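Everything on this sheet refers to the single structure shown next.
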Number of protein chains: 2
Amino acid sequence: MPARQPSKPRARRHTSDARPYHHGDLRRVLIDAALQLAEEGAEVSVREAARRAAVSPGAPFRHFPNRDALMAAAAQEAQRRFRAEIEVALAQAPGTDPLGRFRAFGLAYLRWAMRNPAHFEIISTGRYFAHGSSAELTRDNAELIALTEQMLADAAAQGLLRPADLKPIQIAGRALVYGFARMNLDGHFPRWGVAETEIERMAEAVIDLFISGIAKG
Amino acid sequence: MPARQPSKPRARRHTSDARPYHHGDLRRVLIDAALQLAEEGAEVSVREAARRAAVSPGAPFRHFPNRDALMAAAAQEAQRRFRAEIEVALAQAPGTDPLGRFRAFGLAYLRWAMRNPAHFEIISTGRYFAHGSSAELTRDNAELIALTEQMLADAAAQGLLRPADLKPIQIAGRALVYGFARMNLDGHFPRWGVAETEIERMAEAVIDLFISGIAKG
DNA sequence: GACGAAATGTAATCGATGATTACATAGCGA
DNA sequence: TCGCTATGTAATCATCGATTACATTTCGTC
């Protein structure tokens, strides 16, 4: 036991012998641990995150005032990844057809939600932290919504849609995609096929149905 | 303090002096307390339910093996009320037009979900208890789903729908309504109008949009 | 009616959790 | 080099779900 006497108490950056008193980047590690816990289906506790970071139960509170703040930070990280994937999909979307872009958006949205259900839940639910407690999350989400609304407005301006109020279309589009994602999350889909491809095919069919329902012709 | 000496230890049914040792209908009272707590936005704890029933913290476990069982029972009660309201609405629905019945169903569904968000959450989320832990809840829900699917199948059989696969229509219909309800629940609607009438009007518009999207003509 | 078993409530206790406080150590700048 | 601040530890608290031992009531059976 007494082998713990510091052989190198010098101001070294992180010698490899035993973990240093200061962790290095505990905040980040805690966020990752929280996301990982959620992914595993376990409920996220501050203590368990601390445990995984090999740190005392009180340490996390140096970085987050309370549990909700940790969850909010984890949600921000998840949202960052979510948005990155959306933007990649849009960048690869064929051309300038607003409805085609809308379709690509919806597909990327649902694909991510199907494959990262726990992270999607953290982002969307507003149960782990007060909704609006993270201004960044709220702003980020508002931007994505504005993006889709712009697509639909463009489609209307180009005469691609059947005559109808735009607002209900926008709301319905959001509700449809959000509802599909949450149904998957909340266990409202029977264990459909063997793979996740089947449910993703259904997601595609639902999006196409919606578009054909609002498109002219 | 020593005024607690039982003046009437006889086997009376419930004399009015002081609460009797046995509660009477603790199970029911606990379920109601749980629903009330959810309605108030507080998180539901067994102890708090016991507190409201003026009973010791261990008492509830005589009626429910664990917290989840209490929540499942509460969910069953909420589902019972939900379904009752749906059936009233359907009974009042004008005629035999399948799409009209579908519309009435959707409106009643969303109306209840908007006005009883906490109860809707308990029913739908599968987070308070293992999804499928309550066979009755599952069966009840399956019946409602079968009902709507039958409406859409009838509509298709009567040639009221544009040609399309029925399955995506059924899934999309569920996702749309469920998504709208959950968006409201999860705080994705800005505090729209003063009253709840505005959001209910939007719900109606969304349902009508969906129907017009799948209906022939 | 009387009695004993079953049902139902209480009291005490356990382990886990979020949170706070006092203290220890590291790292950084004047 | 000194000392301030950031960051981690240790100890502690209240709350919660859950279990156990014990108390009281209720009810069927004789």
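Please read these numbers as outputs of a predicted model, since none were measured by experiment. Chain A is the first sequence line, chain B the second, and so forth, proteins listed ahead of strands; every chain is numbered from 1.
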- Contacts of A:Val46 and B:Arg62 projected onto DNA chain C by closest heavy atom; the upstream (5') one is B:Arg62
- Whole-Å distance between C:dA26 C1' and A:Leu26 CG? 14 Å
- Query: A:Leu30 has an atom CG; how far is it from atom P of D:dT7, in whole Å?
  - Reply: 12 Å
- Let me know, please, whether A:Gly58 or B:Asp25 comes out on the 5' side of the other along DNA chain C by nearest nucleotide. B:Asp25
- Item | Nucleotide C:dG18, atom P - distance to CE of A:Met71 in whole Å | 11 Å
- Under 4.0 Å between a side-chain N or O of A:His63 and OP1 or OP2 of D:dG8? yes
- Note on the structure: Rounded to whole Å, CZ of B:Arg67 lies from P of D:dT15 at a distance of 18 Å
- Message: By the 4.0 Å heavy-atom rule, please label A:Arg51 as base, sugar-phosphate, or nothing.
- Response: sugar-phosphate
- Any donor-acceptor N/O pair, A:His63 side chain to A:Leu26 backbone, under 3.5 Å: no
- Task: Take atom CG of B:Leu37 and atom P of D:dG17, then tell me their distance rounded to the nearest Å.
- Result: 11 Å
- Item | Toward the 5' end of DNA chain D, by each residue's nearest nucleotide, A:Arg47 or A:Pro57 | A:Pro57
- Task: With the side chain of B:Ser45 defined as its heavy atoms from C-beta on, choose the nearest nucleotide among C:dT10, D:dG17, C:dG18.
- Result: D:dG17
- For the pair A:Phe82 and A:Tyr109, name the ring-plane relationship: parallel under 30°, tilted 30 to 60°, perpendicular over 60°. perpendicular
- Do NZ/NE/NH1/NH2 and the carboxylate oxygens of B:Glu40 and B:Arg52 come within less than 4.0 Å? yes
- Note on the structure: Quick note, B:Phe61 side chain, CB onward, closest among D:dT9, D:dG8, D:dA18 is D:dA18
- Gap between atom OG of A:Ser124 and atom CG of A:Leu185 - 0.5 Å precision: 6.5 Å
- Query: Which listed nucleotide (D:dG8, C:dG9, D:dA18) is nearest to the side chain of B:Asn66?
  - Reply: D:dA18
- Message: Can you measure B:Phe64 atom CZ to C:dT8 atom P for me and round it to whole angstrom units?
- Response: 12 Å
- Task: Write down the atom of A:Ala113, the atom of A:Asn184, and the distance for their closest heavy-atom approach.
- Result: O-ND2, 4.2 Å
